[in-house]
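Beneath this line is the structure, given in structure tokens, with notes to follow.
Quick note: numbers below take in every heavy atom, side chains included, and nothing from hydrogens, waters or symmetry partners.
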Amino acid sequence: MALPERTFGPSLDGSSAYLDTSKSQWVDAVSVEGPLLVPGGDFVLEAQYTRLGPDLFLSGEESSVFIKGYFI
């Protein structure tokens with residue numbers, strides 16, 4: 001399930017960061033009981049991790065995963 005494009009902000013310096021999540025896979029960490037399964041196999045080993053408030057965004061060369069509520 002892909003999320004629509006979202007704007008995240010404001011940042012500490014007052015600017016907003018634009019993040020295109022329209023092609024990202026989506027995982028809802030809040031509704032999961034037990035282990036959280038992130039799609040993509042070894043993707044999690046090579047992905048860049050970015051905290052977006054209560055959410056986590058994993059990005060790589062060819063794919064990305066948005067994990068909603070990871071830090072809740």
Quick one: hydrophobic cluster around Val30, which other residues, with the 4.5 Å side-chain cut-off, linked directly or via members?
Ile72

Side chain to side chain contact (heavy atoms under 4.5 Å, CB included) for Arg51 and Tyr49? Distances and angles first, verdict last.
CA-CA 7 Å; Arg51 182 174 182 165; Tyr49 290 66; over 6 Å; no

Any side-chain hydrogen bond (donor to acceptor under 3.5 Å, both in side chains) involving residues 57-66? Give me the pairs, sequence neighbours left out, ordered by first then second residue.
Ser24-Ser64

Only pairs under 3.5 Å count here: list side-chain donor-acceptor contacts from residues 33-47, not counting sequence neighbours, and write none if there are none.
none

Which value, rounded to the nearest 0.5 Å, describes the distance between Thr50 atom OG1 and Phe66 atom CZ?
11.0 Å

What distance do Lys68 atom NZ and Asp55 atom CG have between them, rounded to the nearest 0.5 Å?
4.5 Å

Applying side chain to side chain contact (heavy atoms under 4.5 Å, CB included) to Val27 and Tyr70, what does each step give before you reach the verdict?
CA-CA 9 Å; Val27 176; Tyr70 183 81; over 6 Å; no

